[in-house]
There are 2 protein chains.
Amino acid sequence: MTVSRTLSFPHLVSPETREKVAAAVRATGYIPNRLASSLASNQTRTIGAIIPTLRNSIAASFTDGLRDTLRRNGYHVLLGNSEFEPEDEEALVTEFLSRRVDGIYLTGSTHTERTRQMLRENGVPTVEIASLPQDPVDMAVGFSNYDAAYAVTRMFAKQGYAKVALFTTFTKNNERQQERQKGYWAAVEEFGLDSDPRLVSEVAMDLKAAAQNLIALLERRPDVEALFCTGDFIAAGALLEAQRRGIRVPEDLAIAGFDGLEIADNLNPSLTTVQIPRHEIGVLAGQMLLDRINGLPVGGRVVDLGFEIICRESTAKNLPRELTFTSLQTEVHE
Amino acid sequence: MTVSRTLSFPHLVSPETREKVAAAVRATGYIPNRLASSLASNQTRTIGAIIPTLRNSIAASFTDGLRDTLRRNGYHVLLGNSEFEPEDEEALVTEFLSRRVDGIYLTGSTHTERTRQMLRENGVPTVEIASLPQDPVDMAVGFSNYDAAYAVTRMFAKQGYAKVALFTTFTKNNERQQERQKGYWAAVEEFGLDSDPRLVSEVAMDLKAAAQNLIALLERRPDVEALFCTGDFIAAGALLEAQRRGIRVPEDLAIAGFDGLEIADNLNPSLTTVQIPRHEIGVLAGQMLLDRINGLPVGGRVVDLGFEIICRESTAKNLPRELTFTSLQTEVHE
DNA sequence: TTGTACGCGTTATCAT
DNA sequence: ATGATAACGCGTACAA
């Protein structure tokens with residue numbers, strides 16, 4: 001029809017017919033059918049995004065940047081939760097592929113073999129975020145979870161702490177948390193810290209679980225000097241529980257978090273944490289997908305956006321400047 | 001083809017052909033095209049959901065329940081942010097309609113006239129959540145923001161407070177916050193509380209803004225006795241700032257929040273708040289959409305799921321039992 | 001500048 | 001139990 005032309009390329013149509021079409025559209029309340037459009041043009045202008053969960057989730061805040069970028073370019077986001085289950089993720093990828101999304105955004109780099117295979121055979125632009133995978137499905141943008149955890153633990157060591165506990169969230173199917181744990185152990189070994197495994201716990205991602213785990217930790221190891229939590233919510237829960245029990249932070253127990261959430265800066269004492277470029281990661285992930293879709297050359301396949309340790313009141317302050325271990329410059333691997 | 005039948009209704013096909021098709025599918029990595037399917041069958045098994053924002057947003061947590069319900073029934077969620085702009089919402093609704101979503105989920109009941117008109121003319125099942133609109137577009141499930149705010153203010157009044165301040169988040173294009181403010185004023189008037197408008201502020205939805213506004217409030221009205229924040233994040237920010245300034249809560253200043261977030265129960269002192277049935281609202285909204293899609297009779301068009309005031313340490317404890325004003329029974333209007 | 005014919009990959013309907 | 005044919009509503013390519 002001429003209608004299609006009028007709506008897509010108004011300048012190719014005479015002002016009169018343009019007006020006629022506009023009138024008809026108004027009169028009938030016509031709304032173009034994007035399904036038919038997508039079927040014919042072979043593009044949906046939709047990106048499928050999979051995040052573990054929306055609850056207390058940092059991953060959710062990454063998608064803000066993604067959405068901004070996509071929206072500006074006329075793209076939309078189809079959202080799915082994997083609940084940290086690779087099989088659920090696989091089902092979602094299948095679903096997205098059957099809807100012919102133009103790109104796929106995955107959180108982390110833990111996927112089933114079938115997921116990787118489907119994605120690669122399909123050739124759909126894919127970006128993995130929050131990790132620096134050795135073997136990316138396609139593209140990736142994130143930071144080194146290992147380095148960040150190593151740096152925080154090293155910071156504690158250099159401040160003279162010898163008994164540093166670690167709370168991670170569940171590491172199952174979550175290579176980010178696994179990497180953080182590895183970084184911790186590496187620093188423990190390198191700096192000769194107490195390597196008692198009872199200093200390490202896996203904690204559910206909520207304040208109450210953190211509080212309970214702090215109590216248990218203090219029973220196991222009442223001599224613990226510092227606590228590194230690989231999530232600000234966990235750290236907040238521990239800090240608030242310490243407050244309730246009259247444990248002084250950082251004098252009796254130093255605490256550091258991870259993520260750089262707003263709450264870290266507002267607790268009393270304010271919480272030392274690892275700031276990660278959440279928004280930037282989302283924005284860049286969106287841009288990389290768009291570039292790939294538009295056939296532009298995409299520079300590096302794995303982009304490291306770094307992190308920054310923010311030292312606040314919850315850890316001792318006598319910190320050598322060079323230990324802040326800022327790595328916020330962009331590094332491109334491969 | 002027979003293939004379509006095999007995939008949709010395997011029982012209508014002989015085991016042999018079934019096996020042949022399965023083999024071919026495996027061999028070619030065939031993934032059905034839902035676009036074509038939707039075009040032909042006239043259903044997308046997708047619900048379009050619009051929430052104001054994912055940042056610090058309670059609205060985001062409502063969609064958890066929605067997603068659960070839909071997922072279980074083979075439906076997916078297409079998510080959009082309106083950023084509290086009715087015009088952006090209208091654009092999203094148009095976009096969703098052009099993608100032929102089977103249902104639409106809107107946060108609140110503030111929409112442009114065109115949005116209402118489009119939705120009604122289109123006849124797509126629609127549910128509005130978190131409010132009890134007088135004139136719903138289609139269906140709605142929520143609670144009375146007015147009653148909840150009235151109840152909290154009354155609680156303060158009955159406890160003997162005469163100077164009760166109010167922090168709401170921005171009320172522009174947000175009838176939930178407007179209703180809460182109205183409920184506050186109604187109780188102020190009814191119980192003869194101090195009606196100085198300088199006791200009322202609109203605060204951005206973050207901890208720092210809350211802290212700054214508390215400081216400003218204390219300068220304007222150092223004699224303020226209680227503070228009602230229509231959001232737990234605001235209340236948390238105020239409470240943490242009070243802590244920093246050595247203001248005792250609740251002795252010097254009582255504080256109550258709104259939403260029933262996890263953090264409310266973990267702050268020191270723990271925060272009195274209004275618990276709202278977030279998950280239940282999401283679940284029911286999803287169920288109502290599915291029922292309407294499946295042609296089942298949907299009972300009431302506006303469902304009130306109530307709320308509950310949870311009294312904790314941040315407000316005085318000498319509270320008559322009947323003032324807890326629980327309204328957690330389900331009420332159906334119209 | 002406008003119109004025609006065909007194809008996109010399914011489902012629906014009717015026949016075999 | 002299987003196959004043939006016509007939609008679904010739009011883009012693409014070409015013709016008028």
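These numbers come from the heavy atoms of this one structure, side chains and all, not from hydrogens, waters or symmetry mates. Not measured: the values here are computed from a predicted model. The sequence lines fix the lettering, A, B, ..., with proteins before strands; numbering per chain opens at 1.
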### Task
Could you list by number each residue of residues 91-98 of chain A showing a heavy-atom separation from DNA chain C of less than 4.0 Å, or answer none if no residue does?
none

### Of A:E179, A:R176, A:R180, the residue whose pairing with A:N145 passes side chain to side chain donor-acceptor pair (under 3.5 Å)
A:R180

### Query
So, are A:D138 and A:R301 salt-bridged, with charged N and O less than 4.0 Å apart?
yes

### Message
With a cut-off of less than 4.0 Å, is there a side-chain N or O of A:S37 near OP1 or OP2 of D:dG11?
### Response
yes

### Message
Are B:R99 and B:T44 packed together at the side-chain level, in the sense that at least one heavy-atom pair is separated by less than 4.5 angstrom?
### Response
no

### Considering all heavy atoms, the nearest A:I58-A:F62 contact
O-CD1, 3.1 Å

### Message
Pairing donors with acceptors under 3.5 angstrom, does anything connect the side chains of B:E128 and B:S109?
### Response
no

### Message
Tell me whether the side-chain N or O atoms of A:R5 pair up with the base of C:dG3 as donor and acceptor below 3.5 Å, since no angle test is needed here.
### Response
yes

### Summary
Within residues 11-33 of chain A, the residues having a heavy atom closer than 4.0 Å to DNA chain D are A:Y30, A:P32, A:N33

### Task
Report yes if a side-chain nitrogen or oxygen of A:S4 is closer than 4.0 Å to either non-bridging phosphate oxygen (OP1 or OP2) of D:dC10; otherwise report no.
no

### Query
For B:F9 and D:dA1, what is the distance between atoms CZ and P respectively, to the nearest whole Å?
14 Å

#### Entry: Sub-4.0 Å heavy-atom contacts from residues 38-48 of chain B onto DNA chain D, ordered by number
B:L39, B:A40

### Message
Looking at A:Q43, is its backbone amide N or carbonyl O close enough to the side chain of A:D102 to form a donor-acceptor pair, meaning the two atoms are under 3.5 Å apart?
### Response
no

### Summary
Between CG of B:L35 and C1' of D:dG11 the distance, given in whole Å, is 14 Å

### Query
Would you call A:L92 and B:R71 a side-chain contact if the rule is heavy atoms closer than 4.5 Å?
yes

### B:R120/B:E113 ion pair, N-O < 4.0 Å
no

### Query
Any donor and acceptor pair, going by atom type alone, linking the side chain of B:T107 with main-chain N or O of B:I50 inside 3.5 Å?
yes

### Message
Output the rounded distance in Å from CZ (B:R34) to C1' (C:dT10).
### Response
12 Å

### Task
Please name the pair of heavy atoms, one in A:G142 and one in A:L132, separated by the smallest distance, quoted to 0.1 Å.
C-CD2, 3.8 Å

### Contact summary for B:E89 and B:T115, nearest pair of heavy atoms
OE1-CG2, 4.3 Å

